Peer 1: 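This structure is in structure tokens; I'll ask about it shortly.
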Amino acid sequence: MTREAAPTRSPSPLLDWRVRFGLLALIWGFSFLFIKVGTDGFAPFQVTFGRLLFGTAVLAVALVVKRDRLPRGARTWGHLAVAAFLLNALPFSLFAYAELTIPSTLAGICNATTPLWGMVLSLVALSEDRPTRVRAAGLGIGFVGVLTVLGAWQGFSGLDVTGTALALLASFSYAVGWIYVRRTLSGTGASHLSLATAQVGTATLQLALVTPFFTTLPDSVEPLPLLAVIALGALGTGYAMLLQYGVVAEVGPTTASMVTYFIPVIATAAGVAFLDEHLAWNTPVGAAVVLLGAALTQTRASSRRASAPARQTAPSTPAASAAEAANSSNPRLPSSRLT
């Protein structure tokens, strides 16, 4: 009598998903501090280029270790080029320029408005996304929170309008980007890791072409800004993506996307604790209102949950990727873990 072979199991991750979730929130929350420190020694485009370069290096190593390969097809690469611009090159650069004149705490809070922009755009671009009363209320609440953060009742006094507008435009770019890849890159057959590596690598090439025309090499390189840029890229763009895909694979995109709501809290705490940034009462209060509104915009009617479980909103993070957005609407999660 032959013994039946035991079913093979994929190796368990070294860290529980809750630990990795917390680590992911810390890394992305501190990204705004890293940007601020990086711009003390480098031009904004240089900070963004370094971020993308080190992020690509981490993802490329993971691609080799996993024996995966880059996606194929000119059409796919064309869509990836647009995604790289909307989700990486443009918003990363806008946040770097914004933090020349606004605190990292405000930049982190502006990032939390991405779900609000996403809902507005999805009403136009995604025919299956129809607002419920709760989601519409969330949109209104969220923008009240934005006005609270900006101090609208006092005429936005003491606020750098240009820097704040750049940060909000970066968040808007994230929203445009994930809607674009949801319409164009879902169902390509390529893995999360393959799409992410191709996208971030393409964004690196885009910045490599632009940066020399707008910047010059710094006279000297200070160690702290350099370390901040390395951490921003290797941790905040490369390793964080691998962490996110591992968490998505284990607990699903809905739970994984909750990391979005911890990012502004950590960004604010980091800015106050390590950069001595001033925190007026309206900043944390407005941020809480923004997060409440953003959470409400992500709700779905119970009947639609049952009939369309695959239609979930992509997480919005400082390192959003085509793989993340394209596959968040796909109920089939990757079987192999990336962490």
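It should be emphasised that the depicted structure is a prediction, and the values quoted were computed from it without experimental measurement.
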Peer 1: side-chain contact (heavy atoms from CB on, under 4.5 Å) for L227 and V37? Distances and angles first, verdict last.
Peer 2: CA-CA 9 Å; L227 289 174; V37 175; over 6 Å; no
Peer 1: Any side-chain to backbone donor/acceptor pair from W77 onto P71? Under 3.5 Å, distance only.
Peer 2: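 It does hold such a pair.
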Peer 1: Mind listing the closest non-hydrogen atom pair of G145 and V290 along with its distance?
Peer 2: C-CG2, 3.4 Å
Peer 1: State plainly whether one hydrophobic cluster holds both L166 and F214, where clusters connect Ile, Leu, Val, Met, Phe, Trp and Tyr through side-chain heavy atoms under 4.5 angstrom apart.
Peer 2: yes
Peer 1: Are Q199 and N88 packed together at the side-chain level, in the sense that at least one heavy-atom pair is separated by less than 4.5 angstrom?
Peer 2: yes
Peer 1: State, without any angle test, whether T188 and T76 hold a side-chain donor-acceptor pair at a distance under 3.5 Å.
Peer 2: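 Judged by distance alone, the side chains do not pair up.
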Peer 1: If we ignore hydrogens and angles and just use 3.5 Å, is the side chain of K36 paired with the main-chain N or O of I102 as donor and acceptor?
Peer 2: yes
Peer 1: Got a second to check how far T162's OG1 is from L100's CG, nearest 0.5 Å?
Peer 2: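 Nearest 0.5 Å value for the OG1-CG distance: 11.5 Å.
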Peer 1: Mind listing the closest non-hydrogen atom pair of A190 and L195 along with its distance?
Peer 2: CB-CG, 3.9 Å
Peer 1: As an exercise, state the distance from CG of L63 to OG1 of T56, rounded to the nearest 0.5 Å.
Peer 2: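 That separation rounds to 11.5 Å.
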Peer 1: Can you check whether T216's main-chain N or O pairs, donor with acceptor, with Q46's side chain at less than 3.5 Å?
Peer 2: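 Yes: the side chain of Q46 pairs with the backbone of T216.
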Peer 1: Counting only heavy atoms not in L209 (residues, nucleotides, ligands), do more than 12 fall under 6.0 Å from its CG?
Peer 2: yes
Peer 1: Within a reach of under 6.0 Å around CZ of F172, are more than 12 heavy atoms found that belong to other residues, nucleotides or ligands?
Peer 2: no
Peer 1: Any idea which heavy atoms bring G138 and L116 closest together, and the distance?
Peer 2: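 So the minimum-distance heavy-atom pair works out to O-CD2, 4.1 Å.
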Peer 1: Are D40 and L224 packed together at the side-chain level, in the sense that at least one heavy-atom pair is separated by less than 4.5 angstrom?
Peer 2: no
Peer 1: Ignoring hydrogens and geometry, is there a side-chain-to-backbone donor-acceptor pair from T39 to I35 under 3.5 Å?
Peer 2: yes
Peer 1: May I ask whether L205 and V229 are part of the same hydrophobic cluster, defined by side-chain heavy atoms of I, L, V, M, F, W, Y residues being less than 4.5 angstrom apart, directly or through others?
Peer 2: no
Peer 1: Does any N or O in the side chain of S194 come within less than 3.5 Å of the main-chain N or O of R69, such that one atom is a donor and the other an acceptor?
Peer 2: yes
Peer 1: Which distance, rounded to the nearest 0.5 Å, do you find between the CD1 of I27 and the CD of Q244?
Peer 2: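 Answer rounded to 0.5 Å: 11.5 Å.
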Peer 1: Tell me if a side-chain donor or acceptor on T113 pairs with a main-chain N or O of I109 at a distance below 3.5 Å.
Peer 2: no
Peer 1: Should L207 and F92 count as side-chain neighbours, where that means a heavy-atom distance under 4.5 Å?
Peer 2: no
Peer 1: Any chain of hydrophobic side-chain contacts (each under 4.5 Å) joining V64 to Y245?
Peer 2: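 Shared cluster, no.
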Peer 1: Is there a side-chain contact (heavy atoms from CB on, under 4.5 Å) between Y239 and L23 once you walk through the steps?
Peer 2: CA-CA 10 Å; Y239 182 59; L23 183 59; 4.0 Å; yes
Peer 1: Once you round to the nearest 0.5 Å, how far does CG of L235 lie from CG of L232?
Peer 2: 9.0 Å
Peer 1: For F42 and F49, what are the C-alpha separation, side-chain angles and deciding distance, and is it a ring-ring contact (aromatic ring centres under 6.0 Å, His included)?
Peer 2: CA-CA 10 Å; F42 300 98; F49 174 69; over 10 Å; no
Peer 1: Regarding D68 and S191, do their side chains bring together a donor and an acceptor under 3.5 Å, going by distance alone?
Peer 2: yes
Peer 1: How about E277 and S104: does a side-chain donor come under 3.5 Å of a side-chain acceptor?
Peer 2: yes
Peer 1: Would you indicate whether the side-chain heavy atoms of W117 and Y174 approach each other to under 4.5 Å?
Peer 2: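 No, every pair of side-chain atoms sits at 4.5 Å or beyond.
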Peer 1: Check for me whether the distance between the ring centres of F34 and W28 falls short of 6.0 Å.
Peer 2: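 No, the ring of F34 stays outside the 6.0 Å limit from the ring of W28, centre to centre.
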Peer 1: If I compare all heavy atoms of G41 with all of P218, which pair ends up nearest, and what's the gap?
Peer 2: O-CB, 4.1 Å
Peer 1: Can you confirm whether the side chains of T297 and R135 place a donor and an acceptor under 3.5 Å from each other?
Peer 2: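 Side-chain D/A pair, T297 to R135: absent.
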Peer 1: Please examine the side chains of T268 and L106, heavy atoms only from C-beta on, and report whether any two atoms are closer than 4.5 Å.
Peer 2: no
Peer 1: Any pair with a residue in residues 255-276 that passes ring-ring contact (aromatic ring centres under 6.0 Å, His included), sequence neighbours left out, goes on the list, sorted by first then second residue, please.
Peer 2: F21-F262, F30-F274
Peer 1: When hydrophobic residues are tied together by side-chain contacts of less than 4.5 Å, even through go-betweens, does L185 share a cluster with I179?
Peer 2: yes
Peer 1: So which heavy atom on I266 is nearest to which on G29, and how close?
Peer 2: CG2-CA, 3.8 Å
Peer 1: Could you check whether any side-chain N or O of T197 sits under 3.5 Å from a backbone N or O of L193, counting only pairs where one atom can act as donor and the other as acceptor?
Peer 2: yes
Peer 1: Looking only at heavy atoms, what is the nearest atom pair of A203 and A89, with distance?
Peer 2: CB-N, 4.2 Å
Peer 1: For the backbone of D160 and the side chain of T101, can you confirm whether one donor and one acceptor N or O come within less than 3.5 Å of each other?
Peer 2: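 The answer is no, because no donor-acceptor pair under 3.5 Å joins these two groups.
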Peer 1: How are the rings of F95 and F32 set relative to one another: parallel (under 30°), tilted (30 to 60°) or perpendicular (over 60°)?
Peer 2: perpendicular
Peer 1: Give, for atom CG of L70 and atom CG of L80, the distance between the pair rounded to the nearest 0.5 Å.
Peer 2: 9.5 Å
Peer 1: Are the side chain of N282 and the backbone N or O of T148 linked by a donor-acceptor pair below 3.5 Å?
Peer 2: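 Confirmed, N282 side chain pairs with T148 backbone.
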Peer 1: Quick check for you: to the nearest 0.5 Å, what is the distance between L243 atom CG and L24 atom CG?
Peer 2: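 Answer rounded to 0.5 Å: 5.5 Å.
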Peer 1: Who clusters with V65? Use side-chain heavy atoms, under 4.5 angstrom, across I, L, V, M, F, W and Y, and order the result by chain and number.
Peer 2: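 The other cluster members (ILVMFWY side chains, heavy atoms under 4.5 Å, direct or chained) are V61.
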Peer 1: Just by distance, do the side chain of R20 and the backbone of L15 share a donor-acceptor pair under 3.5 Å?
Peer 2: yes
Peer 1: If you define the side chain from C-beta out and look only at heavy atoms, does anything of P264 sit under 4.5 Å from N111?
Peer 2: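 The answer is no, as the side chains (C-beta and beyond) never meet within the 4.5 Å cut-off.
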Peer 1: Could you see if L168 belongs to whatever hydrophobic cluster contains V149? Use Ile, Leu, Val, Met, Phe, Trp, Tyr and a side-chain cutoff under 4.5 Å.
Peer 2: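 L168 and V149: separate clusters.
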Peer 1: Run the side-chain contact (heavy atoms from CB on, under 4.5 Å) check on V200 and M241 step by step: do they pass?
Peer 2: CA-CA 11 Å; V200 178; M241 281 189 176; 3.7 Å; yes
